[in-house]
Amino acid sequence: MLGTALGSHSTGQTTVTSLAVANPGSLIQSVDWVAIAPPLIAALAALAVLVTDLFLPARHKRWLGRLTAAALALAIVSLLPLIGGSPRATFCAQNVTGATDNAGCSYVADHFALVFQLLALGGALIAALLSAHTVEREELPGGEYWFLLLSSATGAALLPASRDLATLVIALEVASLPAFALVALRRDGRGAEAALKFFLSSVTATAVMLLGIGFVYAASGSLHLGAVATGLEHAPAQLKPLAEAGAVLTLAGFAFKVAAVPFHFWVPDTYTGAPLPVAGYLSVVGKAAGLAGLALVTTIAFRPYAHTWGLVLAVLAAVTMTVGNAGALRQRFDTRYSAVRLLAWSSVGQAGYLLVPLAAAGYAPTTTDPLGATAAYALIYGVVNLGAFGVVAAVGRRSEAGVDDFRGLFARRRWTALALAFFLLCLAGLPPGVIGLFGKVVVFRAAVDAGLGWLAVVMAVNVVVALYYYLRWTAVLFAPAPDAAPAEGAGERAATAPERRLPVSLTATLGLTASVAVVLSVAPQLVLQVVGGSLF
Amino acid sequence: MNAVLIALLVLPLLGAALTLAPVFGPDPAAADRRALRFGTVLTGAVLVLTVALAVGFDHDEPARMQATTDLAWIPAIGVRLHLGVDGVSLPLLVLTSLLTFLCALYSERRLPSGAGVPSARSFVGLFLLLEVGMLATFAVLDLVLFFLAFEIVLIPMYFLIARWGSGAKVPAANRFILYTLLGSAVMLLGFLLVGLKAGTFDMQALAAAHGSGLSHSTQVIAALAIMVGLAVKAPAWPLHSWLPDAHTAAPTVGSVLLAGVLLKMGTYGLVRVLLPVVPDGTTTLAPYLGAFAAVGIVYGSLACLALARTGAKGDLKRLIAYSSVGHMGFVLLGIASLTPVGVNGALFANIAHGLITGLLFFVVGALKDRYGTADLDTLAGATGAALYGRAPRLGALLAFAAVASLGLPGLAGFWGELLAMFGAFDPAEGLSRPAFVTYMVLAGLGTLLTAAYLLIVVRRVCMGDPKQPAPVAELADLRPYEAVSWTPLAALTLLAGLWPALLLGLSDPAVKHLLGGG
């Protein structure tokens with residue numbers, strides 16, 4: 001009894017002493033609000049939308065969409081003060097072992113974070129512009145839709161800046177969980193099935209990742225990425241297998257988010273079941289989030305295992321691009337949903353290209369930071385892929401459009417067809433899509449620089465294979481228009497609405513993405529400057 | 001001067017962009033006419049600019065880069081807008097703008113039309129874009145830019161074949177673009193390897209370094225990648241299989257530009273990039289290139305002989321396409337010899353092939369228009385198509401082009417192939433003489449076979465009994481627009497044959513400079 005009391009007493013005392021640090025003021029965090037502004041604005045806007053929805057009469061619901069777009073634009077603007085100067089960090093813990101400058105901080109707004117935040121917020125903004133029409137026409141619940149979109153964007157914007165494993169997982173889940181609901185918002189059987197498939201495989205991946213993170217924490221004794229690297233290096237020999245297993249499991253979780261093979265099966269079904277803007281959002285922002293997480297854990301936390309994950313990622317990249325392109329190649333043009341399915345498979349292939357510089361980063365030292373190539377390619381891909389989804393939304397108005405529904409689009413809608421042709425050629429990486437070509441060039445450059453010649457050759461073959469289906473689709477656009485008696489389904493739309501004007505929001509989206517792509521084609525330096533220096 | 005060179009590229013680019021704008025009026029037929037006229041005027045202006053460039057070119061110093069522009073474009077990856085011309089690229093620029101102008105002139109009157117063929121506006125837009133790519137290839141001095149220019153031509157040519165072509169046009173166009181893209185992607189890998197190891201993508205800086213700073217293995221790998229990529233375009237046997245289909249399916253102007261300019265981009269790249277930038281690697285690989293070239297010469301002419309036989313159902317366009325494989329074999333052989341003589345011969349043969357084969361494709365295209373087919377058996381009937389009797393001017397032009405193609409002295413085809421064989425007879429140091437002499441003997445055999453099939457073609461198409469029943473009753477002779485667009489080619493063929501120093505004087509100093517001898 002006394003012993004217990006004494007024991008408890010002594011425990012209490014040790015707790016007190018451990019808390020009594022020399023400088024008590026350091027425990028009170030001074031939060032750098034400017035640094036965390038981008039995700040914060042998105043999060044506040046999400047709440048604002050949800051509350052406003054309660055008080056807004058039904059006829060004014062379209063203002064929710066405008067509010068969302070404005071908030072996302074504001075969040076992008078809030079990135080501006082963070083450019084230049086040294087990286088700003090906040091939520092720092094002073095007592096992390098082996099911490100140098102920002103290594104003990106949970107949130108760092110360095111170049112890497114800014115580039116991927118730009119991608120996440122910009123992608124969400126374009127998706128929001130695309131959605132305005134979809135929400136109205138498909139009668140999706142407005143408040144929920146915009147709230148979920150903003151929440152997911154918050155997670156995606158938080159993720160690239162987070163520098164500890166816990167924040168990383170939370171950010172990833174904040175990005176993913178609303179996405180399940182977004183996919184399910186279309187209340188037909190297909191949407192539910194798509195969401196369920198997406199949910200189940202995603203949750204499995206998260207569980208696997210959490211297990212992996214647990215192992216890594218056990219082996220390294222820290223959650224901060226920089227400290228994990230030090231911890232893994234000095235981990236006792238008997239913990240090595242645990243640490244390695246943890247690393248593999250963590251990577252597997254992120255590979256799912258990027259839709260890398262073999263975690264890609266959910267992609268085509270989820271994309272076809274989701275509302276089109278959501279599919280576009282997932283293909284860009286969802287992928288960007290996964291990619292950023294993968295880049296962070298590999299290049300910072302698992303630095304000691306660079307050669308192992310370098311090789312693993314290289315193989316993963318090769319297999320992913322090959323499987324994705326093969327899937328796209330097998331897609332028949334005359335079936336329903338084939339346009340979105342093709343874009344889905346192509347996005348799997350593109351994920352393979354995006355992984356190439358990450359793999360190259362495992363083969364350091366190279367003359368330049370290969371991550372820049374991933375960031376540049378992701379930005380380019382984000383613009384043109386959302387543009388392509390935009391055109392599909394403009395033409396099919398529903399995700400069930402087949403590629404053959406695009407036949408003769410040039411004769412019906414000249415500029416829409418030209419825009420899609422441009423986006424597809426950018427995705428293929430062939431002039432006049434100059435920016436797509438340079439995107440591929442920087443990825444190739446990273447691979448060659450790292451000595452990954454075989455991967456570069458595999459990618460070259462894949463680029464050629466991919467050109468085939470992109471070009472076939474492009475050729476369909478310029479093919480002679482279908483005859484007076486078109487196939488059923490496609491003909492219905494063509495007959496009832498031959499020259500309907502595009503809704504303003506869709507026109508704005510297409511104009512925005514197309515002009516960004518054209519400007520970048522003329523001045524690739526604007527986006528390729530991220531390749532130049534180090535991102536961290 | 002440098003403004004001229006920039007205008008040369010910007011003008012057709014702006015023109016291509018303009019065809020997208022609604023500037024040709026609402027009436028489709030009138031808009032098409034205006035668009036075609038616009039294309040002719042613009043390509044004419046480009047031709048004038050090129051001639052101005054050639055006149056302003058300092059002919060005393062053809063080895064020096066002239067009309068240069070050097071601006072930063074993408075500093076992040078070290079890509080510069082570096083343009084310039086020297087004695088190697090100037091003739092090719094002139095050839096390109098001449099052929100495009102003649103093609104534009106020709107298509108104003110003879111553009112394929114009918115159900116499913118797109119409007120002439122799209123044609124002009126693609127055509128001008130094609131011209132940008134072709135001219136840029138010969139004008140840029142940055143490896144990445146060269147790759148970009150190389151790729152620009154693919155999409156326009158794809159659509160020219162796939163939409164304005166005939167026969168199995170879509171598969172042919174697909175094969176063309178996939179094959180060449182694979183080649184150029186591999187070439188890009190070679191460029192990147194060189195650029196990253198040497199620290200610059202600038203062709204002039206790399207040529208000045210002449211391979212110093214690059215290890216032997218790097219050079220061999222880079223040279224292999226670049227060579228394979230360019231050999232697809234050239235095309236070298238056994239990477240040629242896209243060519244016959246593309247040529248056969250393409251419309252007349254497509255075939256002319258394909259044979260006249262696009263193939264040259266491959267051989268030009270070999271001279272401009274491979275020889276000066278990775279000389280050691282090239283020396284290692286040159287014997288293999290020479291071997292493939294020699295096989296290509298014999299293979300091309302044997303394939304032509306087989307097509308020219310009676311009853312072989314040979315397509316004339318296909319035959320000329322195969323003859324291109326043979327002729328480009330000479331060019332490759334000259335390059336592989338790595339001697340100034342051989343490379344000069346190769347460059348000369350390049351231009352000569354552009355002129356002669358351009359003319360041949362024009363004439364055969366006209367025949368195909370008149371007969372509705374280019375099938376040699378159908379044309380010839382039992383005794384021969386008797387063009388001499390039925391359409392004497394057309395027949396004479398075909399015979400002229402055929403004789404020029406087989407290398408009759410006094411015409412353009414002679415010098416290039418002779419010099420290329422000279423080069424192979426005495427190859428550069430470090431190359432096996434017996435091997436190259438063997439190639440030369442094979443090439444000599446090839447010239448005999450070439451003469452054989454071309455004479456068979458002349459006999460079966462130009463000679464014969466004019467009174468025998470023919471597939472077409474009334475055969476129109478040379479039309480005015482045909483005469484206008486073809487005569488310059490015939491005249492230049494004659495000029496280059498009689499006065500080879502005109503071209504060789506330009507290329508020789510530049511070649512010596514590139515080979516590192518001066």
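The sequence lines fix the lettering, A, B, ..., with proteins before strands; numbering per chain opens at 1.
Taking the six-membered ring for Trp and thresholds of 30 and 60 degrees, B/Phe123 and B/Phe127 have nearly parallel ring planes, at less than 30 degrees apart. Ring planes of A/Tyr381 and A/Tyr377: parallel class, angle under 30° (limits at 30 and 60°). Classified by interplanar angle (parallel below 30°, tilted 30° to 60°, perpendicular above 60°), the ring pair B/Tyr268/B/Phe146 is tilted. A perpendicular orientation is assigned to the rings of B/Phe159 and A/Phe478, their planes being inclined by more than 60° (bins at 30° and 60°).
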> Can B/Arg121 and B/Asp32 be said to form a salt bridge (Lys or Arg N to Asp or Glu O under 4.0 Å), step by step?
Replying inline: CA-CA 6 Å; B/Arg121 272 170 71 186; B/Asp32 279 0; over 6 Å; no
>> Run B/Thr200 and B/Leu206 through side chain to side chain contact (heavy atoms under 4.5 Å, CB included) and show every step you take.
In response: CA-CA 7 Å; B/Thr200 175; B/Leu206 287 167; 4.0 Å; yes
>> Pair A/Asp449, A/Tyr363 - check side chain to side chain contact (heavy atoms under 4.5 Å, CB included), show working.
In response: CA-CA 9 Å; A/Asp449 204 12; A/Tyr363 289 78; over 6 Å; no
> Checking side chain to side chain donor-acceptor pair (under 3.5 Å) for the pair B/Ser184/B/Glu151: CA distance, chi angles, key distance, verdict?
Replying inline: CA-CA 8 Å; B/Ser184 46; B/Glu151 302 281 77; 2.7 Å; yes
> Step by step, would you call A/Val356 with A/Phe444 a side chain to side chain contact (heavy atoms under 4.5 Å, CB included)?
Replying inline: CA-CA 8 Å; A/Val356 170; A/Phe444 274 128; over 6 Å; no
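Side-chain rings of B/Phe147 and B/Phe191 stay apart, their centers remaining 6.0 Å or farther from each other. Taking the six-membered ring for Trp and the full ring otherwise, A/Trp415 and A/Phe410 have centroids separated by 6.0 Å or more.
Note: B/Ile74 leads B/Leu148, B/Ile74, B/Ile155 in heavy-atom pairs under 4.5 Å with chain A. Of the residues considered (B/Leu189, B/Val153, B/Val170), B/Leu189 shows the highest number of contacts with chain A, using heavy-atom pairs under 4.5 Å. Between chain A and the options B/Leu178, B/Leu129, B/Ile152, B/Ile177, heavy-atom pairs under 4.5 Å are most frequent for B/Leu178. Per-residue counts of heavy-atom pairs under 4.5 Å with chain A were compared for B/Leu193, B/Ile221, B/Leu192; the largest is that of B/Leu192. Contact count versus chain B (heavy atoms, under 4.5 Å) is highest, among A/Leu471, A/Leu528, A/Val463, for A/Leu471.
When heavy atoms are compared at a cutoff of 4.5 Å, B/Leu20 approaches chain A by way of both its backbone and its side chain. Using a 4.5 Å cut-off between heavy atoms, B/Val144 contacts chain A through its side chain alone, with no backbone atom that close. Looking at A/Val530, neither its backbone nor its side chain comes within 4.5 Å of chain B, counting heavy atoms on both sides. Neither the backbone nor the side chain of B/Pro118 comes within contact range of chain A; no heavy atoms are under 4.5 Å apart. Within the 4.5 angstrom heavy-atom criterion, atoms from both the backbone and the side chain of A/Val441 approach chain B. For chain B, the nearby part of A/Val522 is the backbone; its heavy atoms alone come within less than 4.5 Å. With a 4.5 angstrom heavy-atom cutoff, B/Leu188 touches chain A only via side-chain atoms. Of the two parts of A/Val465, neither the backbone nor the side chain holds a non-hydrogen atom closer than 4.5 Å to a non-hydrogen atom of chain B. Only the side chain of B/Leu154 comes within contact range of chain A, judged by heavy atoms closer than 4.5 Å. Neither the backbone nor the side chain of A/Ala376 has a heavy atom closer than 4.5 Å to any heavy atom of chain B.
At a heavy-atom separation below 4.5 angstrom, chain B is approached by no residue within residues 325-334 of chain A.
Side-chain contact between B/Thr69 and B/His82 is absent, with no heavy atoms from C-beta onward closer than 4.5 Å.
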Which pairs would a plain distance check flag for residues 416-428 of chain A, meaning a side-chain donor or acceptor within less than 3.5 Å of a matching protein atom at least two apart in sequence or in another chain?
none

